[in-house]
Enquirer: 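Provided herewith is a single structure, encoded as structure tokens, for subsequent inquiry.
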Amino acid sequence: MMKESKDEFTTSGNRENASSTVPNGVSRNQTKVLSLLQGLRLCQDAWAPKSPWDKHGAHAALWGRPSGSFLVVQGSLPQDQLLCVSVGDSGEPVKEFPIITTGTALHLTTSHLAFPDLFQLLHFYTLSRDVLPVCLLVPSWVYTLNNLPDHLVPLLGPKTWLCPSSDLQANSMTSETQDTAEMPETVLCTIQVTAASGALCFINPLYLQEHGDDWLTHSSSSPINRPIRRDKRLSTTRAWEGRGLKQRSLTLAEDNSSSFDHDRGSFEKSPVTPSTPGGVVLRRASNASTEDPLKRASIDSIQSPLPQSPHRVSWIEDKIWLNSSLLQPPCLELDSLSVSSIEEESEPASSPSPSLHSPRFHLADKMKNRLSAVGQALGGLVSPQRRLSKRVQEMAERKGGAFADAVRGFVEQTLTSGTAPGVTSTEMLQEVRSALTALREMLFDCPEIQSITDSVGDTPDFELDAMLELALHKVALKPVYAHLYVYLKTARRDDGTLQRLETNKSTLENRSLEELEGAAGAGVPDSSMMEKIQQRWTAMHEAYSPSKKVNTLLKVCKNIYHSMNANAKPGTVFGADDFLPCLTWVLLRSDAAILQVDTDYMMELLDPMLLQGEGGYYLTSLYAALYYISSFQPRLAKRQLSAEAHKSLSQWHRRRTLHGNQSRHSRNRRTIRRHGPAEGSSRTAEDGNCLNESKDSSSLTDVVPAIHSMQEAVQGLEEELEAVTEEEEGSAGPEQIQLTETLDLTSPERGDGE
Amino acid sequence: MSTRGTGRTNGSLPQTKICQFKLVLLGDMAVGKSSLVLRFVKGQFDEFQETTIGAAFLAQSVCLDDTTVKFEIWDTAGQERYHSLAPMYYRGAQAAIVVFDITKPETFERAKAWVKELQRQASPNIVIALAGNKADLADKRLVEYEEAQTYAEDTGLLFMETSAKTAMNVNELFLAIAKKMPKTDTQNPTHAARHRGVNLQDPDAQSSRSCCGN
């Protein structure tokens, strides 16, 4: 068990080792903070005492303990266990919650949430109350159990479990712990980050000048000896280490990292990060970080496991150390852009907080230092991408450099490739894409680039790829994108898509959201929002980087969601059933032709990795909605083409309506309802078939036109039917409406239950 | 080159294996596709969630023994008129949940059509689960449990009746899918994405233009 826990945190990769600043093996000793799950496993006897203990004993032991303190004891049945929790209620200070085992899963009787084992169950309830009156409370020493000599661990019992954690630390984790306790007293903070109300705020240093920062350092010193209690999130225990940010602090200390690593390993210097309480954490400027061991210790604490997904500024809720990764510009965000990250238009190029340096204020030296530290810290946050971009730019301009040659070759080839006959625009773009990937690989292997990426620390590869990709767009795509656009546009014009889009757009553009089968409660963007969206579309069109384009697309989609929700019932959640019609509605009021070309550009050139996640999803939706518009069969044209068919159809429809009218509740209706959608599906299945089977399509080439014309015919009929239905609805009585509904293949009934 | 390969893999080596899967949601309009997923997502640890801009795309990780399974959940529009767009969404998906409403037999028929379509033209190894949603409305039931169960057995699907409203079987459904997913090779997201990226670049846009694009 101990061994396993060690391994889990030695994740430093070869890339670190390759850089001379972090010698081999250092990572072996580094963090020693256990996850809560590991901690719970290690001291099970402490919180789940064996048989002399029963619920009465537990009640007695829990009496008067802080609310959330708990023990697990044997229940009345041998296979059942009882979770006893101190709830701090004067009437009933300790409550019992039976834990039921069903098959291989455990759950509390009153809850639907099941867990594979007791540890995970308890882990969950330290984070979320669910059915409990309070979250469970775990002593902070659980995270440092591996520092206890092995032979002591089994001796830990319920008494220790429930005793204030400082006792254990004082007894068994001697001198180092005291260092830790002293540390915060000496901290001179530069930036204050608080999450008191769940929001990130920077505390005005002027306030600190007035009122001092004792209150800050004071509050941060106490928690170490307090049991840990978090209501919402517990970053330390996050099991998913895939986006390891643990070594991000290297960025802060990169200039002095050789002096910094000999202190790694001394976990004892590093307080359990999540215990930083009161919503306040401190951060120092990077140049101060290695000067004395106490300060170094705080750097170490940045190394404690952090939440791994680099996408959420909302981590600040975890009261963790603000970390460089948190404020990366949105362009670095990959598969999933967070709401918070795309709200801000943070451009890496913008200089950090210029207003702070306003000369109007005469600031004490101390404050000036702090302010410049703020500036430096913020500057440091955005620098890796800037540094990379700058370096890549330099390399691309360097005479005789291999990369410069490769880029020049690529640009020249791309600019002339259009002239080759028989090359489709798609082929051309695919070649561009593979060239981009090759150039990126080339960069990655470049020592100059590696020195920068190494300094970024343990950044996941896909993130580094995204950074490089962005840097590359500037040197490689920017010179060619206008050219590529010409080709894409020509191709779309030649295949008739742009024309169809325009024609169908004018047919469809007056359709309301309901006519597009959008949700009843969903709103559409009002004129000011549409204006905003148009501006974003323009920005999207003008960007040469496909990643930036997709980021802009996500902003538009977010605007659309916003409008959908504007007048909806609170709590309504809109999925694709509602979003796609709304997106279509917006596209019908936008320049669909330009959007089509933009979409093609993104679809072909976006880093394949980004096609996976949220960006890929909304790009697919954009593509799909445009396809829907361009392939729409205009009813009017159909009518003109087959007035005959129309007439007979409406006769048929009227006949069926009258017939059905007499036997509304008879089997007939059921039959129609049962068969209708199925037929529709098999029809559209064909549709999908020819849409998607690109691999097999060669053998189908002969068949495709036939299928196609068949589909056209069917779709034409369907539109006819729809038209008739809509006409009928105008004059029909209520009974008839219900009947037409059952016949209308294109608009299945919409229920309201879930 | 080769050193880089290992370096990169180790650089992001997680303590647990990470498998990342694309899961697509299919089913008629208003059968509760998004409610089902939302219920699943809300019932999980917050820190495994990734904030997304809306409910049509959600990402959620679940822990399964030593593996973290990350689902990227793609919702589709259930309206018949948007049916032909579905292949764009389900291409490359490793899992699918086909949802129907137990109070509406026509949605079950539609679900069957989806299953058929998926089996014919989605990824060959796609894991398909059938969910009979709105199981809380038992008094309005029009699709018998046995009927759907038999169908699912015959067709080789996972099947559960679920209720997004009461959370019945919601986690179970996703866990069952997670268990059925092959736990290979997606450990390095970069790698996996690259593999799938190739698929996504299949010129299916072209084929759509050439065969249906009128």
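The basis for the numbers below is simple: all heavy atoms, side chains too, and nothing from hydrogens, waters or symmetry mates. We name chains A, B, ... by the order of the sequence lines, and we start the count at 1 in each one.
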Enquirer: Tell me, please, which residues at least two apart from S434(A) pass side-chain contact (heavy atoms from CB on, under 4.5 Å).
Expert: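 Listed in chain order: nothing, the list is empty.
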
Enquirer: Relative to each other, are the rings of W74(B) and Y617(A) parallel, tilted or perpendicular (30° and 60° limits)?
Expert: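 Correct class here is perpendicular.
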
Enquirer: Roughly how far, to the nearest 0.5 Å, is OH of Y628(A) from OH of Y82(B)?
Expert: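 Between atom OH of Y82(B) and atom OH of Y628(A) there are 5.0 Å.
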
Enquirer: Give a yes or no on whether K140(B) atom NZ has more than 12 heavy-atom contacts from other residues, nucleotides or ligands under 6.0 Å away.
Expert: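 No - once you tally the heavy atoms of other residues, nucleotides and ligands closer than 6.0 Å, there are 12 at most.
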
Enquirer: Measure distances from S621(A) to the heavy atoms of chain B and classify the residue's part below 4.5 Å as side chain, backbone, both or neither.
Expert: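 Contact with chain B is through both the backbone and side chain of S621(A).
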
Enquirer: So which atom in A56(B) and which in A576(A) form the shortest heavy-atom distance, rounded to 0.1 Å?
Expert: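 Scanning both residues, the minimum pair turns out to be CB-N, 3.9 Å.
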
Enquirer: What's the spacing between E614(A) CD and T51(B) OG1 if we round to 0.5 Å?
Expert: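 E614(A) CD to T51(B) OG1: 9.0 Å, rounded to 0.5 Å.
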
Enquirer: Sort and list the pairs that fulfil side-chain hydrogen bond (donor to acceptor under 3.5 Å, both in side chains) and have at least one residue in residues 168-179 of chain B, not counting sequence neighbours.
Expert: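 Sorted pair list: Q44(B)-N171(B).
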
Enquirer: Which atom pair, heavy atoms only, marks the closest approach of Y89(B) to L580(A)?
Expert: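 Taking every non-hydrogen atom into account, OH-CD1, 3.6 Å.
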
Enquirer: Atom CG in L554(A), atom CZ in F57(B): separation rounded to 0.5 Å?
Expert: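 Separation between the atoms: 9.5 Å.
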
Enquirer: Tell me, for I560(A) versus chain B, whether the close heavy atoms (under 4.5 Å) come from the side chain, the backbone, both or neither.
Expert: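 When you check distances to chain B, no heavy atom of I560(A) falls under 4.5 Å.
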
Enquirer: Can you tell me how far CE of M88(B) sits from OG1 of T620(A), rounded to the nearest 0.5 angstrom?
Expert: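 Here the interatomic distance stands at 9.0 Å.
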
Enquirer: With a 4.5 angstrom heavy-atom cut-off, is it the side chain or the backbone of T166(B) that approaches chain A, or both, or neither?
Expert: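 Interface part for T166(B): backbone (N, CA, C, O).
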
Enquirer: Do any N or O atoms from the side chain of D577(A) and from the backbone of M29(B) form a donor-acceptor pair under 3.5 angstrom?
Expert: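 Side chain of D577(A) to backbone of M29(B), a donor-acceptor pair under 3.5 Å: no, none is there.
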
Enquirer: Would you indicate whether the side-chain heavy atoms of D75(B) and F579(A) approach each other to under 4.5 Å?
Expert: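 The answer is no; the side chains never approach within 4.5 Å.
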
